[in-house]
Protein chains: 2
Amino acid sequence: MTDKEKFLGEFEHVLLLALLRLGQDAYGAKIRTLLKETIERDVSIGALYATLERLESKGLIGSFMGESTPERGGRAKRYFEVKAKGKLALKRSRGAIDLMWQGVSLSCEC
Amino acid sequence: MTDKEKFLGEFEHVLLLALLRLGQDAYGAKIRTLLKETIERDVSIGALYATLERLESKGLIGSFMGESTPERGGRAKRYFEVKAKGKLALKRSRGAIDLMWQGVSLSCEC
DNA sequence: TATGTTTAATCTACAATATAGAATATATAA
DNA sequence: TTATATATTCTATATTGTAGATTAAACATA
């Protein structure tokens, strides 16, 4: 099959990057905090997982359950990681945006 | 009011850039062709106008009908232009993406 | 071992964005 | 007055984005 490559939604794009940045430590709450702190995007846990789930079902990321031995109690974490296919999608997406920005300058009015 | 700034969808982002690049000549078919040629994104006219419409209703772009005097026949064109608010949104969006990309390198595997 | 507290993930429902293709409008040419 | 060309509008649906309540699993301690 032709593997009709779709484009990433913006939130998907940003989420993939969050996973890459967090590396070993990419799980729900951590991701949420990162997004909040770096780009002030304040998303709910539900929104977060829904998109992660979708990304996984598209094969762009993978996930696995971590050790169930937290310090003070609490359920085990589910860690996420970007797969090769996800990295490729990121490259494409970024590439397209960069191409479109070529020659555009917003230096002035706004 | 706090003017809760939303994020641009990816297609919205790309469309705004297309308008900026086309300048005076930004109307349906032309936009569609540009997208096809620069980033190989082959979108239908319907999809295109639907998004332009949304962008306009959000106040990010404006539009006006052009001269109804084409060479060989055909309906008058509707031209689009990016407003200051649209430029601002672009800046924000681009800024967020750039921030998230900081420190991320995809040099290798994919 | 029951009950509370903590941390985290899943579920449910809905809103916004993306997308296509048919239908319609308007102009010119024959 | 009909055909042809160019362009926009309409209608319908799929995919993404979003929130908040609910459930799960661990630990502490009475």
Side-chain angles (χ1 to χ4, degrees), chain A residues 4-16 18 22 25-36 39-61 63-80 89 93 96, chain B residues 4-16 18 22 25-33 35-36 39-58 60-61 63-80 89 93 96:
Chain A
K4 177 86 166 124
E5 292 296 349
K6 294 290 294 299
F7 294 84
L8 290 173
E10 189 179 68
F11 187 46
E12 293 179 317
H13 187 126
V14 154
L15 253 188
L16 286 173
L22 287 170
D25 212 26
Y27 71 95
K30 220 38 176 306
I31 298 169
R32 187 152 173 261
T33 303
L34 178 69
L35 258 21
K36 178 68 178 302
I39 57 172
E40 287 163 281
R41 185 154 185 168
D42 202 345
V43 75
S44 71
I45 348 142
L48 195 73
Y49 280 101
T51 302
L52 286 169
E53 210 67 59
R54 252 181 245 132
L55 247 17
E56 184 166 38
S57 80
K58 289 197 277 184
L60 302 187
I61 67 175
S63 73
F64 57 93
M65 294 313 273
E67 302 291 305
S68 30
T69 326
E71 314 78 57
R72 172 63 187 82
R75 192 175 174 174
K77 296 175 180 65
R78 179 177 169 196
Y79 293 99
F80 296 88
S93 207
Chain B
K4 177 88 167 120
E5 293 296 350
K6 293 291 295 301
F7 295 84
L8 291 173
E10 188 178 70
F11 187 44
E12 292 178 319
H13 187 126
V14 154
L15 255 188
L16 286 173
L22 287 170
D25 211 27
Y27 71 95
K30 220 40 177 303
I31 299 169
R32 187 150 174 263
T33 303
L35 257 23
K36 177 67 179 300
I39 57 172
E40 287 164 282
R41 185 154 184 168
D42 202 345
V43 77
S44 72
I45 347 140
L48 194 73
Y49 281 101
T51 302
L52 287 168
E53 211 66 59
R54 215 185 305 127
L55 248 16
E56 184 166 40
S57 80
K58 288 197 279 183
L60 302 186
I61 67 176
S63 73
F64 56 94
M65 294 314 270
E67 301 292 303
S68 31
T69 326
E71 316 78 57
R72 170 66 187 79
R75 192 177 176 172
K77 296 176 179 63
R78 180 176 169 196
Y79 293 99
F80 297 88
S93 207

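Proteins come first, then strands; the chains are lettered A, B, ... in the order of their sequence lines, and each starts at number 1. Computed over heavy atoms, backbone and side chain alike; hydrogens, waters and symmetry mates excluded.
Qualifying side chain to side chain contact (heavy atoms under 4.5 Å, CB included) partners for B/S63, counting only residues two or more places apart in sequence or in other chains: B/E56, B/R78, B/F80. Among residues two or more places apart in sequence or in another chain, the side chain to side chain contact (heavy atoms under 4.5 Å, CB included) test is passed with B/A29 by B/Y27. Every residue two or more places apart in sequence or in another chain was checked for a side chain to side chain contact (heavy atoms under 4.5 Å, CB included) with B/E40, and none qualifies. The side chain to side chain contact (heavy atoms under 4.5 Å, CB included) test applied to A/R41 returns A/E10, A/F11, A/I39, B/F7, not counting sequence neighbours. For A/R54, the salt bridge (Lys or Arg N to Asp or Glu O under 4.0 Å) criterion is met by no residue, not counting sequence neighbours. Under the side chain to side chain donor-acceptor pair (under 3.5 Å) criterion, A/K36 pairs with no residue, sequence neighbours left out.
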Can you pull every protein N or O that's under 3.5 Å from an N or O on nucleotides 13-15 of chain C?
none

For nucleotides 20-22 of chain D, which of its nitrogen or oxygen atoms have a protein nitrogen or oxygen under 3.5 Å away, and what is each distance?
{"from": "D/dG20", "atom 1": "O6", "to": "A/G46", "atom 2": "N", "distance (Å)": "3.4"}

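Here D/dA7 is the nucleotide among C/dA8, C/dT19, D/dA7 with the atom lying nearest to any side-chain atom of B/A29. Each of C/dA18, D/dT18, C/dA8 was ranked by its minimum atom distance to the side chain of B/T51; first place goes to C/dA18.
The OH atom of B/Y79 sits 11.0 Å away from atom CD1 of B/I31, with the distance rounded to the nearest 0.5 Å. Atom CZ in A/R32 sits 12.5 Å away from atom CG in A/L15 (nearest 0.5 Å). The structure places CD1 of A/I45 at 8.5 Å from CG of A/L48, a figure rounded to the nearest 0.5 Å.
If you check every strand for non-hydrogen atoms under 4.0 Å, B/K30 touches nothing.
The phosphate of D/dT15 (OP1 or OP2) has no side-chain N or O of A/K58 nearer than 4.0 angstrom. Side-chain nitrogen and oxygen atoms of B/R41 include none within less than 4.0 Å of the OP1 or OP2 phosphate oxygen of C/dA18. Put simply, A/R32 has no side-chain N or O that comes within less than 4.0 Å of OP1 or OP2 on C/dA8.
Computed from coordinates, the B/F7 CZ to C/dT17 P distance equals 13 Å when rounded to whole Å. Remark: P of C/dT28 and CZ of B/R75 are 14 Å apart, rounded to the nearest angstrom. The distance between atom OH of B/Y79 and atom C1' of D/dA7, rounded to the nearest whole Å, is 11 Å. With rounding to whole Å, A/L60 atom CG is found 14 Å from D/dT15 atom C1'. Note: CD1 (A/I31) to C1' (D/dG17) measures 16 Å, nearest angstrom. As rounded to whole Å, 17 Å separates atom P of C/dA18 from atom CG of B/D42. Between A/L15 atom CG and D/dT18 atom C1' there is a gap of 12 Å when expressed in whole angstrom units. We find that CG of B/L8 is positioned 14 Å from C1' of C/dA18, with the value rounded to whole Å.
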